[in-house]
Participant: 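If you scroll down you'll find the structure; I have some questions about it.
None of the values given here were measured: they were computed from a predicted structure.
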Amino acid sequence: MMGVIGVAAFAVHAQEQGSGGGSGVQWQPRLSVTQTVTSNAGLDRGSDARADAITDISPGLRLSSRSGRLTGEVDYAVHGLVYARRSSASEVQQALSAKGTAEAIDNWAYVDASASISQQSISALGSRSVDRSLADRNRAEVSTYQIAPYVRGPLGNFANYQARWNWTNSNSSGSSAKSSSNEASLSLSSSTALFSRLGWNLVASQQSSDFDGQGKQESTRFNGRLTFTVSPEFQLSAGAGRERNDYRSSSQQATTNWSVGFNWRPTERTVLDVTRDHRFFGNAYNVRFEHRTPRTVWTFVDGQDVNTTAGANGASSISAFDLFYAQFASIAPDPVQRTALVEAFLRNSGLTRDSRLNGGFLTNTASIQRRQSLSLALIGVRSTLLMSTTRNDARAANPSDTTAGDLSNGRNLHSTGFALNLSHRLTPLSALSADLSLNKNSSTVDERTTRLRSLSTTYTTRLNPQVDLSISARRTLFSSDTDPYTESAVLASLKVQF
């Protein structure tokens with residue numbers, strides 16, 4: 001564990017060099033330049049493949065705050081892609097990941113906000129790539145924004161209240177998949193557990209979702225829940241309520257729903273949370289298991305529910321950053337310091353911040369989705385193993401919908417994936433890593449299937465405290481009935497942090 005402690009010391013030292021010292025707003029600008037030489041820049045089949053050199057110039061900035069009224073993090077980058085031979089494919093892409101909370105009025109009014117901009121496949125059954133710089137006709141830039149103001153406080157000694165409004169908007173360039181939703185909710189909960197062990201919660205909510213070209217879909221729910229604390233480590237819950245929506249037909253339909261669940265935390269490093277909810281489409285549920293040891297992180301997630309956003313479909317695999325963020329909770333409880341620690345560890349191990357499988361897709365209707373993922377991280381003295389396997393199943397909430405993209409006409413979409421990363425630290429400043437990813441998407445009705453397989457190896461070294469150099473080689477195979485291709489590439493990247 002001495003290597004981890006050393007990385008932690010480095011991360012804290014680096015953070016203290018930022019603006020504002022050890023508190024307030026921290027900022028870190030960066031600039032990266034990546035040169036890619038590829039055998040198939042346009043993901044074309046057979047003899048149509050054309051080699052090209054692609055230059056990616058990417059300035060970026062990360063802001064983080066842990067002040068009293070504003071906490072959160074913003075990471076934004078612009079990618080300027082320049083093709084040497086295929087100039088018409090040159091473009092500018094954005095990448096954004098932001099999440100934060102503002103305290104507007106002391107201990108009463110708050111605002112949660114988040115935003116993301118990423119590249120995502122339009123169809124899970126079209127061509128796909130592991131590299132955002134390649135000219136993929138099946139790719140769109142998806143932006144999702146969410147803002148949620150709310151107020152909360154006590155009602156005497158009897159209960160606590162929270163009133164919340166949540167607005168979400170998802171938009172995509174190059175695709176008609178767009179959506180916006182508004183949700184208002186009011187909840188009441190017991191301020192102290194009755195009889196020391198029994199608590200209650202009441203929630204009323206109303207949601208309106210608007211998919212582009214589809215019109216509005218509305219849902220109203222009212223639920224009550226009881227919780228019973230068996231022991232400090234184990235809690236039981238049960239609830240019931242009514243729901244009315246028009247997700248499955250043009251008219252509103254009312255159903256009764258109920259739920260049961262439990263939460264078990266035998267240690268600070270282990271948690272098992274299980275909830276089953278009977279809803280209008282059948283069983284909704286959420287299972288999450290996480291276990292940490294000094295050198296491992298085990299995570300299992302299995303959930304099924306309604307999705308009312310055009311973006312973020314089918315992308316449930318956990319990232320390397322998420323795994324190690326959980327692993328280092330005991331070393332760095334402060335979120336900002338922990339983020340710096342994880343970034344330093346990933347960089348020293350030759351890993352990337354985001355190591356997800358690219359199995360997502362866009363849709364233009366409410367859908368029922370089941371998402372499963374199993375992830376494992378093994379941290380050695382000099383070597384690190386990161387492994388994840390995923391499965392996603394999706395169908396339109398309304399089986400007769402003919403304009404739902406991959407989910408039209410009652411089609412079910414199935415996606416499975418596997419990702420493996422093995423990294424080895426050669427010296428205190430250099431590392432060698434290998435990545436293997438496998439992804440298969442298939443649909444019912446028309447029985448279409450696509451497979452994406454990719455293998456890459458990367459050498460990373462630190463030239464000085466601010467400059468990192470990496471050199472990679474990869475091989476990608478994509479098979480489908482309509483757009484098969486193969487691609488090989490060599491990449492060199494120089495990243496400077498100021």
Participant: Please say which of Thr34, Asp435, Thr458, Thr460 ends up in a side-chain hydrogen bond (donor to acceptor under 3.5 Å, both in side chains) with Ser472.
Facilitator: Thr458

Participant: Stepwise, does the side-chain hydrogen bond (donor to acceptor under 3.5 Å, both in side chains) test hold for Asp136 with Ser127?
Facilitator: CA-CA 7 Å; Asp136 186 357; Ser127 64; 2.9 Å; yes

Participant: How far does CG of Asn169 sit from CD1 of Ile147, to the nearest 0.5 angstrom?
Facilitator: 12.0 Å

Participant: Whether Arg248 engages the ring of Phe281 as a cation-pi pair (distance to the six-membered ring centre under 6.0 angstrom, angle to the ring normal within 45°) should be assessed.
Facilitator: no

Participant: If you define the side chain from C-beta out and look only at heavy atoms, does anything of Leu385 sit under 4.5 Å from Asn421?
Facilitator: no

Participant: Rounded to the nearest 0.5 Å, how far apart are CD of Gln146 and NZ of Lys99?
Facilitator: 8.5 Å

Participant: Heavy-atom distance under 4.5 Å between the side chains of Asp210 and Lys178, does that happen here?
Facilitator: no

Participant: Can you tell me which residue among His291, Glu290, Arg292 is in a side chain to side chain contact (heavy atoms under 4.5 Å, CB included) with Thr270?
Facilitator: His291

Participant: Can you list everything that forms a ring-ring contact (aromatic ring centres under 6.0 Å, His included) with Tyr145? Sequence neighbours excluded, please.
Facilitator: none

Participant: Once rounded to the nearest 0.5 Å, what's the spacing between atom CZ of Arg451 and atom NZ of Lys440?
Facilitator: 4.5 Å

Participant: If the test is side chain to side chain contact (heavy atoms under 4.5 Å, CB included), which one of Thr275, Thr299, Val274, Asn263 qualifies with Arg288?
Facilitator: Thr299

Participant: Do Ser480 and Leu125 make a side-chain contact, defined as non-hydrogen atoms from C-beta onward lying under 4.5 Å apart?
Facilitator: no

Participant: Hey, does the side chain of Ser65 reach the backbone of Leu70 with a donor-acceptor pair shorter than 3.5 angstrom?
Facilitator: yes

Participant: Consider only side-chain N and O atoms of Arg128 and Asn138, and report whether a donor and an acceptor are under 3.5 Å apart.
Facilitator: no

Participant: How far does CZ of Arg395 sit from CG of Leu413, to the nearest 0.5 angstrom?
Facilitator: 12.5 Å

Participant: Before giving the answer on side-chain hydrogen bond (donor to acceptor under 3.5 Å, both in side chains), spell out for Ser367 and Gln369 the whole-Å C-alpha distance, their side-chain angles and the decisive distance to 0.1 Å.
Facilitator: CA-CA 6 Å; Ser367 58; Gln369 298 197 26; 3.1 Å; yes

Participant: Out of Thr144, Val142, Ile122, which one pairs with Ser172 under the side chain to side chain contact (heavy atoms under 4.5 Å, CB included) rule?
Facilitator: Val142

Participant: To the nearest 0.5 Å, what is the distance between CG (Asp393) and CD (Gln372)?
Facilitator: 7.0 Å

Participant: Out of curiosity, Gln119 CD to His79 NE2, how far, rounded to the nearest 0.5 Å?
Facilitator: 8.5 Å

